[in-house]
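Here is the structure we will look at.
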There are 2 protein chains.
Amino acid sequence: MTKEARTSTEEKLLLAARRLFCRAGIHATGITRILEEAGVARGSLYAHYGSKENLLKAVFDTEANMWFHWFDLDLPHLKCSPRERILALFDLLEKWFAKEDFFGCVFINAVAEHEKDSRWVKDVAGAYRDQIIDRLRTLVGESGATDPDMVTQKLGLLIEGAIVTAMVTQNSQAAYIARLAAEDVLRCTECVSPENGPTSSAAAAALEST
Amino acid sequence: MTKEARTSTEEKLLLAARRLFCRAGIHATGITRILEEAGVARGSLYAHYGSKENLLKAVFDTEANMWFHWFDLDLPHLKCSPRERILALFDLLEKWFAKEDFFGCVFINAVAEHEKDSRWVKDVAGAYRDQIIDRLRTLVGESGATDPDMVTQKLGLLIEGAIVTAMVTQNSQAAYIARLAAEDVLRCTECVSPENGPTSSAAAAALEST
DNA sequence: ATTAGTCTAGACCGATCAGTCTATTTTTAT
DNA sequence: ATAAAAATAGACTGATCGGTCTAGACTAAT
């Protein structure tokens with residue numbers, strides 16, 4: 001096995017695929033176009049990944065790792081209150097959206113363009129989504145929110161809404177708007193009395209269990 | 001011209017296409033599958049729509065009309081406060097999500113799986129999106145919000161987030177969570193003093209103009 | 001220098017795609 | 001009843017798709 005090339009063939013393929021799958025769509029991106037963009041031979045792709053489907057799975061991994069890196073490394077290193085840590089997530093989103101090669105979330109885009117009934121894409125993307133939401137819930141829990149499940153769901157909606165809006169409008173400001181809305185949500189969960197907590201919790205739990 | 005068949009060939013095609021484009025993806029849906037589902041002959045599709053692309057445009061129209069019907073007919077008929085009218089929009093979303101043939105928003109899904117650089121899909125979907133956001137802003141304006149543009153953007157994020165979450169989780173509860181978050185947003189814009197208004201407005205305007 | 005492993009270029013395959021066309025039948029209007 | 005219009009089934013085309021395969025070139029480590 002080679003020690004480590006400047007950019008390995010495997011990585012060149014992964015980067016090109018990630019870019020093209022989001023920029024042009026998965027079905028619309030042919031193997032040949034990936035190879036051209038990666039500057040790699042046809043055989044190498046199948047030697048490393050075996051199929052287009054496996055290549056997509058690898059792209060899923062890299063995108064999930066980006067999120068895990070945020071939650072497990074970037075955010076914990078911040079010296080600030082839990083509340084500000086939650087809001088800092090939206091700053092990370094803004095940086096992501098501002099990248100010139102941001103064209104949406106590959107999970108969302110993949111689910112959008114694949115069969116919705118019992119397909120592997122939904123399962124894989126859904127599993128990663130659950131792991132991401134779990135980390136978000138941990139973050140929310142540390143903030144001492146009255147109803148962490150509900151707050152997590154609300155923030156999740158804002159995050160997904162920001163991603164889609166940023167994809168459609170090509171404007172990273174969506175993250176800032178989402179941050180302001182998140183502040184509203186956090187402010188209200190602080191000051192709202194807990195009498196409507198149970199009902200809210202039940203709804204959040206129901207959404208989660210699906 | 002025929003008077004009006006029980007379900008015209010044109011409409012059968014439109015309904016099948018709308019269903020399949022969202023359930024299975026646009027690129028993944030072959031013409032033949034649409035024809036099978038619609039129970040219509042191949043030639044009829046091209047006689048009525050000319051191309052798959054035109055058929056997609058027609059599906060865009062029907063989805064946009066759904067939104068326009070909500071804003072222009074359903075919501076105005078409600079005898080309630082402007083604030084409750086805004087929240088009622090999320091109840092309409094919930095009903096939409098609960099339909100057995102809901103598989104996401106065709107605009108979002110179409111943008112997700114098409115070329116993001118200068119493609120007609122983005123223009124057409126974006127134009128309809130602007131019209132929908134405009135109607136939402138009117139609704140927000142009627143509620144006498146301090147900063148209608150900002151509130152509109154926040155609600156827009158919640159709506160798009162709810163649509164995507166409902167698509168991924170297949171659970172209409174996303175609309176209810178979004179409604180609760182929308183209440184938070186509305187509550188905060190009522191009680192927040194206007195000193196941070198200008199900054200917020202500028203950000204909202206910047207997002208809008210793209 | 002040799003050998004094994006990796007990469008490249010590109011021909012090739014079967015399948016499927018959007019779209020065309022023809023021939024036939026059904027529907028509709030008069 | 002008849003003629004025009006609309007819908008049918010399905011063969012067909014050229015292009016493109018994902019994937020396979022071969023032959024040769026490059027790059028190590030021994």
Side-chain angles (χ1 to χ4, degrees), chain A residues 1-60 106 109-110 113-115 119-121 124, chain B residues 1-60 106 109-110 113-115 119-121 124:
Chain A
M1 182 170 290
T2 62
K3 202 66 203 329
E4 189 61 35
R6 219 181 57 82
T7 320
S8 70
T9 304
E10 209 169 328
E11 201 173 329
K12 281 192 282 188
L13 284 167
L14 199 56
L15 291 175
R18 182 174 145 93
R19 203 177 319 126
L20 284 171
F21 282 164
C22 279
R23 191 204 305 163
I26 297 161
H27 285 112
T29 299
I31 294 290
T32 307
R33 192 168 163 198
I34 299 177
L35 299 171
E36 288 169 357
E37 192 117 340
V40 158
R42 201 171 185 81
S44 301
L45 189 152
Y46 287 95
H48 282 290
Y49 294 100
S51 70
K52 188 185 182 183
E53 192 168 297
N54 282 337
L55 182 56
L56 176 58
K57 286 181 187 169
V59 171
F60 280 170
V106 71
N109 293 5
E113 67 169 299
H114 281 83
E115 193 85 29
R119 289 286 294 177
W120 69 269
V121 170
V124 176
Chain B
M1 182 170 292
T2 65
K3 201 66 200 329
E4 187 62 35
R6 220 181 56 83
T7 320
S8 70
T9 304
E10 210 169 328
E11 203 175 330
K12 281 192 281 186
L13 284 167
L14 199 57
L15 291 175
R18 181 175 147 93
R19 202 178 318 127
L20 285 171
F21 282 163
C22 279
R23 189 206 302 164
I26 298 161
H27 285 114
T29 299
I31 294 290
T32 307
R33 194 169 163 198
I34 298 176
L35 298 172
E36 287 168 358
E37 193 115 343
V40 157
R42 201 170 185 80
S44 301
L45 189 152
Y46 288 96
H48 282 290
Y49 295 100
S51 71
K52 188 184 182 182
E53 194 168 298
N54 282 338
L55 182 55
L56 176 58
K57 285 181 188 169
V59 171
F60 280 170
V106 72
N109 293 5
E113 68 169 298
H114 281 84
E115 193 85 30
R119 289 286 295 175
W120 70 269
V121 170
V124 175

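Proteins get letters first, then strands, A, B, ... in listed order; numbering begins at 1 in each.
Within the model, atoms OG1 of B:Thr9 and CG of B:Leu14 stand 12.0 Å from one another, a figure rounded to the nearest 0.5 Å. In this structure, B:Ile26 CD1 and B:Glu113 CD are separated by 4.5 Å, a value rounded to the nearest 0.5 Å. A distance of 4.5 Å separates CH2 of A:Trp120 from CD of A:Glu53, quoted to the nearest 0.5 Å. Distance check, rounded to the nearest 0.5 Å: CG of A:Leu45 to CD of A:Glu10 gives 10.5 Å. Note that OH of B:Tyr46 is 7.5 Å distant from CG of B:Leu35, once rounded to the nearest 0.5 Å. A distance of 11.0 Å separates CZ in B:Phe60 from CG in B:Leu55, rounded to the nearest 0.5 Å.
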Protein and nucleotides 24-26 of chain C: nitrogen or oxygen contacts under 3.5 angstrom:
none

Polar atom pairs between nucleotides 9-16 of chain D and protein, under 3.5 Å, N or O only, would you list them?
none

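Computed from coordinates, the B:His27 NE2 to D:dC17 C1' distance equals 13 Å when rounded to whole Å. Computed from coordinates, the A:Glu11 CD to C:dC7 C1' distance equals 17 Å when rounded to whole Å. The separation between B:Ile31 atom CD1 and C:dC17 atom P is 10 Å, rounded to whole Å. Atom P of nucleotide D:dC17 and atom CD1 of A:Ile26 are separated by 15 Å, given to the nearest angstrom. B:Ile34 has its CD1 atom 10 Å from the P atom of C:dG19, to the nearest Å. Rounded to whole Å, atom C1' of C:dG19 lies 15 Å from atom CG of B:Leu13. Rounded to an integer number of Å, the gap from A:Glu10 CD to C:dG5 P is 17 Å.
For the pair B:Glu37 and B:Arg23, the salt-bridge criterion is met [side-chain N within less than 4.0 Å of a carboxylate O].
Closest of all the heavy-atom pairs between A:Ile34 and A:Leu20 is CA-CD1, 3.7 Å. The shortest non-hydrogen separation linking B:Lys52 to B:Thr29 is NZ-O, 2.9 Å. Closest non-hydrogen pair, B:Val59 versus B:Ala17, comes out as CG2-CB, 3.9 Å.
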Going through the distances and angles, do B:Arg33 and A:Glu115 end up as a salt bridge (charged side-chain N to carboxylate O under 4.0 Å, His left out)? CA-CA 13 Å; B:Arg33 194 169 163 198; A:Glu115 193 85 29; 3.2 Å; yes

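Remark: A:Ser44, A:His48 in residues 44-56 of chain A come within less than 4.0 Å of DNA chain C through at least one heavy atom.
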